[in-house]
Amino acid sequence: MSDHPDIRVVPADATRYPTLLQLQVHEPQRDFVGPVAVSLADAAQCGGSQAMAILCDDEPIGFYRIERQPRSIADRDFERATLGLRSFFIDARWQGRGLGTLALVAVMHDLKQRHPDACDVVLTVNVRNTPALALYRRAGFQETGGLYHGGRSGPQHVMLGALPT
Ligand SMILES: CC(C)(COP(=O)(O)OP(=O)(O)OC[C@H]1O[C@@H](n2cnc3c(N)ncnc32)[C@H](O)[C@@H]1OP(=O)(O)O)[C@@H](O)C(=O)NCCC(=O)NCCS
């Protein structure tokens, strides 16, 4: 990896599936994100859901999904036009090098370009997921106050972040 990694985000089209399917998180982190295969299949079935790849110097290192309907994230609506972010992760081999931080910046700028009318991004993060919580807070996301109790791994903070203007 270069000293100045080129982090980009692109739609996860079928040509990228073989490499994306090799991405995974550390075993204890599986409480927080599902396998890429499940997420890709789910995104293909959900009209408003787009699977995205995170690239470092053109190599896939991570994955996430964008939801046009924020209600699908935390079962609630928002006053401003809001997109949902889910399943954001950096592959285990690439974690701890600052790439998650860079990737989240790239995600937010890409979202503003693809969805110029959107104002905010909502996501949920497990209350036990300290690294992710810190990452989102540093990127400007704030807890909305309530906990979301859906999902398989316990309560989650609902966080909202403003897209760049
Ligand atoms: C959360 C995640 C995306 C961070 O990616 P990353 O590339 O490791 O992030 P960075 O290297 O930019 O580090 C971000 C911060 O988290 C800290 N961090 C990273 N991994 C950590 C770990 N295992 N334990 C504690 N802190 C950790 C880093 O020290 C850094 O904090 P700092 O800037 O104060 O030093 C990654 O750990 C991940 O994919 N986790 C599993 C999936 C997940 O939980 N996704 C979020 C779902 S809501």
Side-chain angles (χ1 to χ4, degrees), residues 1-10 12 16 19-40 42-43 46 49-67 69-76 78 82-111 120-164:
M1 190 178 86
S2 70
D3 286 347
H4 301 286
D6 177 25
I7 298 290
R8 288 191 302 127
V9 296
V10 294
R16 297 200 182 272
T19 41
L20 287 174
L21 288 169
Q22 291 174 22
L23 302 182
Q24 54 188 342
V25 295
H26 294 290
E27 201 274 331
Q29 297 174 333
R30 291 184 198 157
D31 280 354
F32 307 136
V33 285
V36 173
V38 173
S39 207
L40 282 173
D42 194 43
C46 301
S49 186
Q50 182 165 31
M52 299 287 294
I54 300 166
L55 309 181
C56 178
D57 298 332
D58 284 329
E59 182 177 347
I61 63 158
F63 178 86
Y64 62 98
R65 278 167 62 186
I66 295 304
E67 306 293 342
Q69 303 300 331
R71 174 162 275 279
S72 74
I73 297 287
D75 203 21
R76 53 168 281 197
F78 298 88
T82 301
L83 297 165
L85 172 65
R86 74 162 84 237
S87 307
F88 177 83
F89 78 87
I90 300 294
D91 178 83
R93 295 164 295 175
W94 294 86
Q95 290 180 19
R97 308 184 203 183
L99 299 178
T101 303
L102 292 175
L104 194 52
V105 172
V107 168
M108 297 297 272
H109 280 93
D110 182 75
L111 280 177
D120 295 320
V121 174
V122 65
L123 57 84
T124 61
V125 55
N126 193 286
V127 297
R128 293 183 287 119
N129 195 352
T130 312
L133 195 52
L135 179 85
Y136 295 133
R137 279 185 184 144
R138 265 205 319 277
F141 281 79
Q142 294 184 330
E143 290 93 324
T144 58
L147 289 179
Y148 177 61
H149 293 276
R152 58 192 166 87
S153 301
Q156 299 162 63
H157 294 291
V158 180
M159 301 187 85
L160 207 53
L163 286 168

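Numbering of ligands and ligand atoms starts at 1, following listing order.
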Counting only heavy atoms closer than 4.0 Å, does ligand 1 sit against the backbone of [X], its side chain, both, or neither?
X	answer
Thr101	both
Arg138	side chain
Thr124	backbone
Gln29	side chain

| said: I'd like to know whether ligand 1 has Leu135 as a neighbour, heavy-atom separation below 4.0 Å. | reply: yes

Shortest protein contact, [atom] (heavy atom only):
atom	value
atom 37 (O) of ligand 1	Gln95 OE1, 3.4 Å
atom 39 (O) of ligand 1	Ile90 N, 2.9 Å
atom 11 (O) of ligand 1	Gly98 N, 2.7 Å
atom 8 (O) of ligand 1	Gly96 N, 2.8 Å
atom 46 (C) of ligand 1	Phe88 O, 3.3 Å

| remark: Per side chain to side chain contact (heavy atoms under 4.5 Å, CB included), Val107 is matched among Val121, Leu102, Leu163, Val9 by Val9

| request: Give a yes or no on whether a salt bridge exists between Arg128 and Asp31, defined as a side-chain N under 4.0 angstrom from a carboxylate O. | output: yes

Considering the heavy atoms of [X], write down every atom of ligand 1 situated less than 4.0 Å from one of them.
X	result
Gly100	5 (O), 6 (P), 7 (O), 9 (O), 12 (O)
Pro131	18 (N), 21 (C), 22 (C), 24 (N), 25 (C), 26 (N), 27 (C)
Leu99	7 (O), 11 (O), 12 (O)
Tyr136	46 (C), 47 (C), 48 (S)

Ligand 1 N/O within reach of [X] N/O, cut-off under 3.5 Å:
X	result
Arg97	yes
Phe32	no
Val25	no
Asn129	yes
Ala132	no

| note | The side chain to side chain donor-acceptor pair (under 3.5 Å) partners of Arg16 (sequence neighbours excluded) come to none

| note | If you compare Tyr64, Phe63, Phe89 by their heavy atoms, the one closest to atom 42 (C) of ligand 1 turns out to be Phe89

Can you check whether [X] reaches [Y] side chain to side chain, under 4.5 Å on heavy atoms?
X	Y	answer
Gln156	Val158	no
Phe32	Phe89	no
Leu123	His157	no

| message | Rounded at 0.5 Å granularity, tell me how far CD in Gln69 sits from SG in Cys46. | response | 11.0 Å

